[in-house]
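Contents: one structure, followed by commentary.
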Amino acid sequence: MAVEPIAWQGDRLRLLDQTLLPAREVYLEAMDHRQVAEAIGSLRVRGAPLIGIAAAYGLVLASLRLPRGDMARFLAGLEEAARELASTRPTAVNLAWALERLLGRARACASPTEAVAALEAEARALHLEQVEADHRLAELGASLLPQGGAVLTHCNTGSLATGGMGTALGMLRAAWRQGRIVRVYATETRPLLQGARLTAWELWREGVPCTLIVDGAAGALMARGQVAAVVVGADRIARNGDVANKVGTYTLAVLARAHGIPFYVAAPTSTIDPATPDGDGIPIEERPADEVRCLAGVPVAPSGVDVSNYAFDVTPAAYVDAIVTERGIARPPYAESLASLLSGGSAND
Ligand code: MRU
């Protein structure tokens with residue numbers, strides 16, 4: 001049974017609190033954009049595409065509460081709410097992309113009343129497009145995977161991260177249904193265990209064979225010949241194909257190259273950021289030190305120890321064998337293949 005992490009209910013947004021999974025399935029009802037911003041910042045809602053969808057509905061909630069007398073004041077209030085939502089997580093470009101798309105729609109309206117209706121329609125459209133993109137991406141990407149192998153993935157890129165069937169995890173689901181792959185290795189993904197708590201849970205619910213490993217075990221499995229491919233998601237892909245994704249992704253890419261294993265990135269085109277030339281320009285979110293000092297709220301390190309807690313890292317394009325999107329599969333050189341996908345043409349695959 002597919003999990004529904006987000007549902008628009010006309011005047012409120014229903015969100016599955018992912019911080020409590022897999023122990024408890026608790027849903028929240030956000031009534032205003034500040035509650036949505038809190039849910040994004042605290043990772044109750046996470047995964048780049050889902051953050052974008054949540055922010056879009058958050059802006060609809062803000063619009064419902066703004067005074068409708070004057071269009072200029074209405075737009076100023078909307079822009080302020082968009083800034084609050086955008087500041088929650090800087091790396092996932094889907095967040096800024098979704099907000100900009102909705103703001104553009106509102107600016108084209110003649111009155112606040114017209115804008116409120118247009119914003120709701122746009123947020124619903126964006127949500128539906130992501131569900132459809134996941135399907136296309138999964139079918140396209142599954143064909144890349146070697147027959148009969150086991151595939152390693154990192155973090156969570158499933159329904160919980162997109163509201164659809166997922167990106168990298170959607171590809172793996174499709175490949176398993178086709179009888180193409182036999183097993184998924186899920187890294188636990190310290191510090192917040194999205195792999196252990198969320199990916200293993202999603203695959204287990206669906207009956208997809210899944211083996212959970214500690215992050216540090218990936219190289220040993222590759223050396224033993226147990227990994228046929230690595231597939232991960234992305235939070236932002238720069239114009240040259242450099243990929244920001246959950247910290248640890250870069251390590252996996254280097255290991256995969258060292259072992260001659262293909263390394264694929266799966267993401268919707270909304271994750272490609274043509275305004276950022278390369279990985280150096282991608283803002284990397286730093287999160288609280290206690291996420292590392294503690295495990296599930298229990299201290300596992302001295303309380304005063306220094307911590308580095310970058311939530312994401314950048315994998316240079318040179319380590320990425322292909323980028324799978326809903327519009328096609330891009331291959332190096334990415335500056336050309338990604339530009340071609342974004343302009344509506346076909347990639348070079
Ligand atoms: O910090 P998170 O859990 O939001 O990080 C999620 C990831 O890194 C995913 O790989 C990425 O957002 C793609 S989700 C389809």
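Whatever order the structure lists ligands and atoms in, that order sets their numbers, starting from 1. One is the number of the first residue; the rest follow in order along the sequence.
- Distances between N or O atoms of Asn156 and those of ligand 1 include no value under 3.5 Å.
- No more than 12 heavy-atom neighbours from other residues, nucleotides or ligands sit within 6.0 angstrom of OH on Tyr319.
- Inspection of the Thr199 and Gln194 side chains reveals no N or O donor paired with an N or O acceptor under 3.5 Å.
- Residues Arg46 and Asn156 have side chains that bring a donor and an acceptor to within less than 3.5 angstrom of each other.
- Remark: Glu336 does not engage Arg239 in a salt bridge, criterion side-chain N to carboxylate O under 4.0 Å.
- The ligand atoms of ligand 1 that sit less than 4.0 angstrom from a heavy atom of Arg89 are 1 (O), 2 (P), 4 (O).
- Within the 4.0 Å heavy-atom cutoff, Cys155 counts among the residues contacting ligand 1.
- For the side-chain contact (heavy atoms from CB on, under 4.5 Å) test with Thr251, the passing option among Val247, Thr249, Leu255, Val254 is Leu255; the others fail.
- At a 4.0 Å heavy-atom cut-off, ligand 1 touches Thr162 through the side chain alone.
- In this model, no donor atom of one side chain and acceptor atom of the other lie less than 3.5 Å apart for Asn309 and Glu286.
- Counting only heavy atoms of the protein, atom 14 (S) of ligand 1 lies nearest to Ala161 CB, 3.6 Å.
- Using a 4.0 Å cut-off to heavy atoms of Gly47, the atoms of ligand 1 that qualify are 4 (O), 12 (O), 14 (S).
- In the model, Asn94 has a side-chain atom that pairs as donor or acceptor with a side-chain atom of Ser270 under 3.5 Å.
- For the residue pair Glu206 / Trp176, no side-chain donor-acceptor distance below 3.5 Å is found, with atom types taken as modelled.
- Here atom 9 (C) of ligand 1 lies nearest to Asn245 when heavy atoms of Asp313, Asn245, Leu43 are compared.
- In this structure, Glu80 pairs ionically with Arg83, as a charged nitrogen and a carboxylate oxygen lie closer than 4.0 Å.
- No hydrogens or angles considered: a donor-acceptor pair under 3.5 Å links the side chains of His127 and Tyr57.
- Under 4.0 angstrom from ligand 1, the non-hydrogen atoms of Ala234 all belong to its backbone.
- If you check each of Glu285, Gln130, Lys246 against atom 1 (O) of ligand 1, the one with the closest non-hydrogen atom is Lys246.
- Closest to atom 11 (C) of ligand 1 by heavy atom, among Thr189, Val232, Ile51, Asp235, is Asp235.
- Applying the 4.0 Å criterion to heavy atoms of Phe312 picks out, from ligand 1, the atoms 1 (O), 5 (O), 8 (O).
- Between Ala48 and ligand 1, at least one pair of N/O atoms sits closer than 3.5 Å.
- Using a 4.0 Å cut-off to heavy atoms of Gln194, the atoms of ligand 1 that qualify are 1 (O), 2 (P), 3 (O).
- With ligand atoms numbered from 1 in the order given, ligand 1 contributes 10 (O), 15 (C) to contacts under 4.0 Å with heavy atoms of Thr157.
- Backbone and side-chain nitrogen or oxygen atoms of Arg46 are examined, and one is located within less than 3.5 angstrom of a nitrogen or oxygen of ligand 1.
- In terms of protein heavy atoms, atom 15 (C) of ligand 1 is closest to Thr167 OG1, 3.2 Å.
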